[in-house]
Amino acid sequence: MPYNGRVNSSFAHVLGNQILAGLNPQQLAAVTLPHESALILAGAGSGKTRVLTTRIAWLIQTGQISPHGLMAVTFTNKASREMLTRISAMLPINTRGMWVGTFHGLCNRLLRTHFRDAGLPQTFQILDSQDQLALIKRLMKGLNIDDEKYPPRDLQYFINGYKEKGTRAPQVEIYDDHSRRLNELYAEYDKQCNREGVVDFAELMLRCFELLQRNEVLRNHYQQRFSHILVDEFQDTSPLQFRWLTLLAGPHNAIFAVGDDDQSIYAFRGASSKNMFEFERDFAKGRVIKLEQNYRSQGNILDAANALIRHNRLRLGKELWTAEGQGEPLRLFEAATDTEEASFIVDEVKSLRSEGTPLSEIALLYRSNAQSRVLEHALFNASLPYRVYGGLRFFERQEIKHALAYLRLIANPEDDGALLRVINLPTRGIGARSLEQLQEGSRMRGISLWESACSTPLAGKAGIGVRTFVQLIEALRARCLGLSLPEMVEIVVAGSGLKEYYEAEREGADRIENLNELVTAATGFEIEAEFAPADDSAATDQAPISDETADPRLRALNDFLSHASLEAGEHQATAGADALQLMTVHSAKGLEFQAVFISGLEEGLFPHENSLNVEDGVEEERRLMYVALTRARQRLYLSVAQSRMLHGQTRYNLVSRFLSEVPEGLLKRLNARRPVTYGAGISASTWSTPNSPRRPYSMEPASPWKVGQNVLHSKFGPGVIVNAEGRGSDARVQVNFRQVGLKWLSLDYAKLTPA
DNA sequence: ATTAGTGGTGTTTTT
DNA sequence: CACCACTAAT
């Protein structure tokens with residue numbers, strides 16, 4: 001629907017009232033702020049998304065801007081979809097052409113439109129983290145770098161870290177030989193990306209930033225266009241993203257930043273909630289609105305969350321409250337093993353379901369993806385339907401990546417990574433030796449592997465294989481031009497030989513299934529794209545500055561490939577069905593459920609052990625726990641497993657410190673710990689477990705000190721035995737103490753008491 | 001050239 | 001345990 005510039009005022013008045021109805025005073029104030037930058041400190045469940053979308057609707061409805069005159073940025077694709085859905089529910093406009101998206105999505109859009117100005121090929125491809133790591137390894141091998149001394153992962157971290165700060169290799173400060181070498185590799189890596197026409201995630205941001213900084217005409221154009229910039233989850237912005245925002249805002253535009261410093265959980269990715277302090281000081285200039293009324297969770301849940309987060313020092317300060325009642329206490333279950341924890345969860349889920357809670361309203365949260373296995377196993381055996389978010393996503397599966405590599409080669413033959421992935425898959429008799437020759441050739445002549453493959457005649461079988469491959473790609477490309485996207489994918493899937501390859505595999509059935517699914521995904525993608533034909537270019541071409549439209553025959557393919565990298569895809573079976581929701585705490589951010597299980601509340605896991613040595617690491621973990629707690633509306637379960645199978649071996653952990661930060665009065669312990677006597681007068685304590693009365697160690701001869709035993713030391717405090725050796729007076733045990741960590745103690749000497 | 005098998009190693013969270 | 005990199009056998 002075309003925008004008329006101004007809406008009939010009485011019409012706007014009526015609709016405006018409808019839009020604003022039901023907002024609390026703080027929300028209303030935020031929604032109707034004047035055209036100035038402001039910071040909205042919005043606690044969990046305080047109607048953050050509602051405020052954001054209502055402001056957009058209000059700005060448009062009252063004629064202050066057109067749908068093209070604003071930009072709204074989110075972090076996840078989920079969030080941006082949600083925003084678009086809500087806007088279209090409020091306003092009778094076509095949201096397709098609006099600039100609402102993730103940072104990376106919007107940067108991609110800008111770079112595609114101005115690829116020439118950005119110094120990129122029209123068909124540049126996006127590397128996901130896997131692709132990036134593969135490129136780094138390849139680069140290092142080519143340069144004969146010792147990957148013991150310079151682990152590829154470290155280099156990846158080094159490169160991304162600097163890119164997220166907006167620093168190119170020449171500007172990096174060098175401290176020692178090691179960082180000098182890393183930085184040389186950073187420069188080499190960027191050169192290689194440029195040669196191949198590929199761009200990693202961080203590069204997408206940085207390239208776009210530099211484009212706007214360097215090109216005044218473009219910058220002015222977009223500054224004039226986006227008079228309002230709205231940012232969701234502002235606490236998660238990196239320094240570079242912050243500078244990108246302020247560059248687009250220029251001196252006159254307003255940035256409406258919504259965020260919650262207590263929910264900042266992406267510091268590891270370069271995010272810094274310091275941006276919030278800086279933004280308040282330099283842009284919002286004291287215009288801060290706090291949204292503290294929570295509309296989601298009942299009192300006890302909020303009390304727990306507030307009590308927990310008070311242990312953090314670095315806060316802007318904010319306390320959630322609710323007009324609803326206290327509700328139920330939090331339910332705590334302490335299991336002996338991870339398996340027992342899982343079967344407890346299964347039992348509870350079953351009874352929740354029988355009480356009428358839809359499975360889709362129940363979430364199982366955990367700190368790390370690896371924890372989902374045990375839960376999935378138990379759910380599968382209980383035949384409860386579930387859906388796992390995260391983990392290996394659709395577009396990250398190897399068979400899909402292989403198919404995409406063929407498509408990428410058709411779009412951009414310079415993409416060495418794509419070529420290496422499929423030149424010998426299915427096998428064409430091209431082995432390591434021949435590949436080395438090709439790589440050597442392209443390194444010497446400074447050309448891509450593709451060119452090398454086209455021009456270097458190799459002897460024997462390999463030579464035939466290479467020629468077959470080159471001809472195959474060229475034939476596929478020729479057949480694809482002029483076809484629709486799903487037809488292209490169809491042809492590539494059928495013509496690449498991938499299907500035959502997987503048919504020969506024993507476990508290839510799922511993979512073939514996924515390849516067929518890829519064609520479906522392409523069909524769905526094309527249908528969506530058709531809803532917004534030239535909507536965007538119409539708006540962009542207000543000024544004659546965009547590069548000529550991409551070859552339309554490749555445009556669809558390129559868009560699809562970008563989509564595959566940027567939105568790896570919650571593309572899974574059982575999507576619509578009523579199923580339990582399994583996900584990491586990170587991916588639960590922004591969601592809410594009637595009942596939530598937080599499992600694995602153990603030291604080393606949550607908080608994660610890797611966070612303990614990081615500056616303010618535990619505070620970030622605590623914020624993560626805060627996010628987890630505030631996902632629940634009515635019922636919240638917390639569970640601990642005393643022992644857990646991890647990395648292939650059983651580990652014994654202490655109960656998470658976060659549990660002791662939740663006031664005891666808010667908890668209902670589902671299994672009270674009580675002393676149990678074993679053997680000849682040897683007193684031990686164990687966990688009373690109604691669901692599985694037999695514990696593993698009840699099978700073994702009684703002994704006072706067993707691995708897994710909780711103990712109390714007069715000096716070191718509480719701990720758990722993690723290891724034991726020796727007999728009689730030589731007997732020693734290794735204890736993991738809450739306060740002082742691991743210690744070996746002689747049983748003859750140390751004053752240990754069972755706890 | 002390809003594959004199967006071995007041994008060593010490292011593991012958070014995501015666009 | 002799962003993913004590599006490397007080796008030995010085909």
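Every chain is numbered from 1, with letters handed out A, B, ... down the list of sequences. Model, not experiment: these values are computed from the prediction.
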Polar atoms only, N or O, under 3.5 Å: list the protein pairs with nucleotides 1-3 of chain B and their distances.
from: B/dA1; atom 1: OP1; to: A/Ser434; atom 2: OG; distance (Å): 3.1
from: B/dT2; atom 1: OP1; to: A/Gly429; atom 2: N; distance (Å): 2.8
from: B/dT2; atom 1: OP2; to: A/Asn424; atom 2: ND2; distance (Å): 3.1
from: B/dT2; atom 1: OP2; to: A/Ile430; atom 2: O; distance (Å): 3.2

Q. Under a criterion of less than 4.0 angstrom to any heavy atom of chain A, what are the 5'-terminal and 3'-terminal contacting nucleotides of DNA chain C?
A.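 Span of nucleotides near chain A: C/dC1 to C/dA5.
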For [Y] together with [X], are the ring centres under 6.0 Å from each other?
{"X": "A/His586", "Y": "A/Tyr366", "result": "no"}
{"X": "A/Phe115", "Y": "A/Phe124", "result": "no"}
{"X": "A/Phe242", "Y": "A/Phe234", "result": "yes"}

I'd like a table of atom pairs between the protein and nucleotides 6-9 of chain B - only N or O on both sides, under 3.5 Å - with the distance next to each one.
none

**Q.** For DNA chain B, the residues among residues 229-239 of chain A that have a non-hydrogen atom under 4.0 Å from it
**A.**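 Heavy-atom contacts with DNA chain B come from no residue of residues 229-239 of chain A; none.
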Q. For DNA chain B, what residues of residues 464-472 of chain A have any heavy atom nearer than 4.0 Å?
A.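 By residue number: none to list.
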Protein-nucleotides 11-13 of chain B N/O pairs under 3.5 Å:
from: B/dT11; atom 1: OP1; to: A/Arg153; atom 2: NE; distance (Å): 3.3
from: B/dT11; atom 1: N3; to: A/His647; atom 2: ND1; distance (Å): 3.0
from: B/dT12; atom 1: O4'; to: A/His608; atom 2: NE2; distance (Å): 3.3
from: B/dT12; atom 1: O2; to: A/Arg367; atom 2: NH1; distance (Å): 2.7
from: B/dT12; atom 1: O2; to: A/Arg367; atom 2: NH2; distance (Å): 2.3
from: B/dT13; atom 1: OP1; to: A/Asn369; atom 2: N; distance (Å): 2.5
from: B/dT13; atom 1: OP1; to: A/Asn369; atom 2: ND2; distance (Å): 3.1
from: B/dT13; atom 1: O4'; to: A/Arg367; atom 2: NH2; distance (Å): 3.3
from: B/dT13; atom 1: O2; to: A/Arg367; atom 2: NH2; distance (Å): 2.6
from: B/dT13; atom 1: O2; to: A/His586; atom 2: NE2; distance (Å): 3.4

**Q.** Note: A/Asp128-A/Lys401 ion pair, threshold 4.0 Å (strictly below)
**A.**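 A/Lys401 and A/Asp128: salt-bridged.
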Q: Give a yes or no on whether a salt bridge exists between A/Lys163 and A/Asp200, defined as a side-chain N under 4.0 angstrom from a carboxylate O.
A: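 Yes, charged N to carboxylate O under 4.0 Å.
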Q: Would you tell me whether A/Gln263 and A/Gln235 have side-chain atoms, one donor and one acceptor, within less than 3.5 Å of each other?
A: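 There is no such pair between these side chains.
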Q. Any side-chain donor paired with an acceptor under 3.5 Å for A/Asn108 and A/Arg112?
A.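 Result is yes, a qualifying pair exists.
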**Q.** Geometric class of the A/His563/A/Phe560 ring pair [parallel <30°, tilted 30-60°, perpendicular >60°]
**A.**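 Because their plane-to-plane angle is under 30°, the rings of A/Phe560 and A/His563 count as parallel.
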